[in-house]
Amino acid sequence: MTNPGQMNAELLMWQALTPVHSGTGQSSAGVIDLPIAREGATGFPMLPGSSIKGVLRAWEDPSEQDPAERERRKDALFGYADKRIQDASGKETRESRAGRLTFTDARLLCLPVRSYRGTFAYVTCPLVLSRLRRDLAALGHPLALPEVPEVKENTAQVAGDTLMHGGQVLLEDLDLQAEETASARAWAEALAELSGLGDELRERFALLSDDEFGFLAETATEVTAHIRLDAETKTVAGGALWYEEALPAASLLTSFLLRPQDVTFAPPSSLQLGGKGSVGRGLLSVRAVGR
């Protein structure tokens, strides 16, 4: 396997344009019948690298006009499994091969959470920011990000007064003491630049403690009820009421694309990922931050 140090690492910035349901592939025994995928250790929402790889492989690059050449390039970049290969003599075998691109899971960077002032906040925490800095360093990416500050519980570090009401930041079920800090301003500026969101993120950025962010990552996702009606009675069919979870629109995530130096690949500016695509779910924008 190629050493990551010998590969180019690109940071991919993802923003949910609509709610995203990247599910677990099975029903849950909990209150939410169809939950979203989450990290095992932290419980934070995420988008699996396998899903990202799958939708990018299915994407048709408009610059590649020849269908046969397009398929050969996809095989080289993404690999293939159990494919029928015919040699010069006509003998047919089945072959599998790994692709040359590596996709990591997309981890949550900022979660949009309702706010009493400012409509909503882009919230994150030291753990999330520390992991991003660690991963950038491990993969040899040159992006420099601010130092990660400590955040006290029951406190929200903010970059300005957009979210503040009476010296507090009021988010969902959390009433937090507001602190304007240089660290929050530095991170708001850095993430506003990386995401391309500008003042929308600068003014609404809030840095919470790890535990309080974890609470919101568990409780502040979007949950909707779905029903199926009986065609004759126009009432809910038996067993046809379920609750489905989604990552809220405006969520920000980061992942990495690793590729050998002699391979070029540029993702599209937007993709559809996860379920419910026919009703507009799962639309995300993508920004690549290279070396």
Side-chain angles (χ1 to χ4, degrees), residues 9-20 22 36-39 41-49 51-52 103-113 115 120-139 141 143-149 151 156-159 163 171 183-218 220-222 246-257 267 270-271 273-274 282-290:
E10 287 184 297
L11 175 66
L12 300 183
M13 297 286 301
W14 301 82
Q15 183 182 28
L17 303 178
T18 64
V20 180
S22 182
I36 55 176
R38 293 177 177 271
E39 297 179 22
T42 65
F44 296 166
M46 48 85 81
L47 302 178
S51 297
I52 294 172
F103 299 90
T104 70
D105 296 339
R107 292 173 169 172
L108 187 61
L109 175 63
C110 290
L111 180 70
V113 177
S115 172
F120 76 98
Y122 286 101
V123 303
T124 189
C125 70
L127 174 60
V128 167
L129 301 181
S130 296
R131 291 198 308 178
L132 178 57
R133 281 173 50 95
R134 179 202 65 194
D135 293 347
L136 288 166
L139 295 173
H141 197 289
L143 179 64
L145 292 174
E147 293 293 324
V148 179
V151 182
Q157 294 188 17
V158 294
L163 301 173
L171 304 174
S183 295
R185 285 192 291 272
W187 273 102
E189 184 64 38
L191 298 185
E193 184 71 22
L194 279 176
S195 64
L197 291 174
D199 288 342
E200 178 183 326
L201 190 146
R202 287 188 191 94
E203 296 172 356
R204 293 179 170 85
F205 180 78
L207 188 53
L208 312 186
S209 71
D210 294 340
D211 287 344
E212 284 157 343
F213 179 80
F215 168 76
L216 291 173
E218 181 69 30
T221 55
E222 181 174 312
L247 196 61
S251 298
L252 294 176
L253 305 99
T254 57
S255 69
F256 288 92
L257 166 61
S270 62
L271 283 171
L273 189 149
L283 295 178
L284 299 114
S285 65
V286 191
R287 287 170 61 94
V289 182

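Note that this is a predicted model, so its numbers are computed, not measured.
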### Minimum-distance pair of heavy atoms, taken over all atoms of Leu201 and Ala188
CD2-O, 3.6 Å
#### Entry: Full working for side chain to side chain contact (heavy atoms under 4.5 Å, CB included) between Val128 and Phe213
CA-CA 9 Å; Val128 167; Phe213 179 80; 3.8 Å; yes
#### Entry: Contact check, side chains of Leu47 and Ser255, non-hydrogen atoms, under 4.5 Å
no
#### Entry: Test ring pair (Phe, Tyr, Trp, His ring centres under 6.0 Å) applied to Phe205 - qualifying residues, sequence neighbours left out
none
### Query
Less than 4.5 Å apart, any side-chain heavy atom of Leu283 and any of Ser270?
no
### Minimal non-hydrogen separation, Asp105 against Gly49, with atom names
OD1-N, 2.6 Å
### Message
Once side-chain contact (heavy atoms from CB on, under 4.5 Å) is applied, do any residues pair with Arg38, and if so which ones, sequence neighbours excluded?
### Response
Ile36, Pro45, Glu218, Thr221, Glu245
### All side-chain contact (heavy atoms from CB on, under 4.5 Å) counterparts of Arg134, not counting sequence neighbours
Arg107, Arg131
### Task
Could you grab the distance from atom CG of Leu109 to atom CZ of Phe44, nearest 0.5 Å is fine?
11.5 Å
### Message
Main chain of Glu147, side chain of Trp187: is a donor-acceptor contact present, judged purely on distance under 3.5 Å?
### Response
yes
#### Entry: Any Leu171 side-chain heavy atom under 4.5 Å of Leu208 side chain
yes
### Task
Evaluate the criterion side chain to side chain contact (heavy atoms under 4.5 Å, CB included) for residue pair Leu11 and Leu132; output intermediate values, then yes/no.
CA-CA 10 Å; Leu11 175 66; Leu132 178 57; 4.2 Å; yes
### Task
With sequence neighbours left out, write down each residue that passes salt bridge (Lys or Arg N to Asp or Glu O under 4.0 Å) with Glu200, or none if nothing qualifies.
none
### Message
Can you list everything that forms a side chain to side chain donor-acceptor pair (under 3.5 Å) with Thr104? Sequence neighbours excluded, please.
### Response
none
### Message
Distance check, rounded to the nearest 0.5 Å: Leu271 atom CG versus Leu17 atom CG?
### Response
10.5 Å
### Task
Sorted by first residue and then second, give each salt bridge (charged side-chain N to carboxylate O under 4.0 Å, His left out) pair with at least one member in residues 186-198; sequence neighbours left out.
Glu189-Arg202
### Query
What's the shortest heavy-atom distance between Ser115 and Leu163, and which atoms?
OG-CD2, 3.8 Å
## Note on the structure
Sorted by chain and residue number, the side chain to side chain donor-acceptor pair (under 3.5 Å) partners of Glu222 (sequence neighbours excluded) come out as Arg281
### Task
Please name all residues satisfying side chain to side chain donor-acceptor pair (under 3.5 Å) with Glu212, sequence neighbours left out, ordered by chain then number.
Ser209
### Query
Would you say Ser251's side chain and Pro248's backbone share a donor-acceptor pair under 3.5 angstrom?
yes
### Task
Mind checking the CG-CG spacing from Leu12 to Leu253? Nearest 0.5 Å is all I need.
11.0 Å
### Query
Atom CE of Met13 and atom OG of Ser195: how far apart are they, to the nearest 0.5 Å?
5.0 Å
#### Entry: Spacing of CG belonging to Leu108 relative to CE belonging to Met46, to within rounding of 0.5 Å
11.0 Å
### Query
When you look at Leu145 and Leu194, which way does the side chain to side chain contact (heavy atoms under 4.5 Å, CB included) test go after all the steps?
CA-CA 10 Å; Leu145 292 174; Leu194 279 176; 4.1 Å; yes
### Sequence-distant partners of Tyr122, ring pair (Phe, Tyr, Trp, His ring centres under 6.0 Å), two or more places apart
Phe120
### Task
With sequence neighbours left out, write down each residue that passes side-chain contact (heavy atoms from CB on, under 4.5 Å) with Ser183, or none if nothing qualifies.
Pro149, Gln157, Thr181
### Message
Tell me every residue that passes side chain to side chain donor-acceptor pair (under 3.5 Å) with Ser51, counting only those two or more places apart in sequence or in another chain.
### Response
none
### Message
Could you measure the distance from the OG atom of Ser22 to the CG atom of Leu273? Nearest 0.5 Å is fine.
### Response
5.5 Å
### Message
If the condition is side-chain contact (heavy atoms from CB on, under 4.5 Å), which residues does Pro126 pass it with, not counting sequence neighbours?
### Response
Val148, Val151, Leu207, Asp210
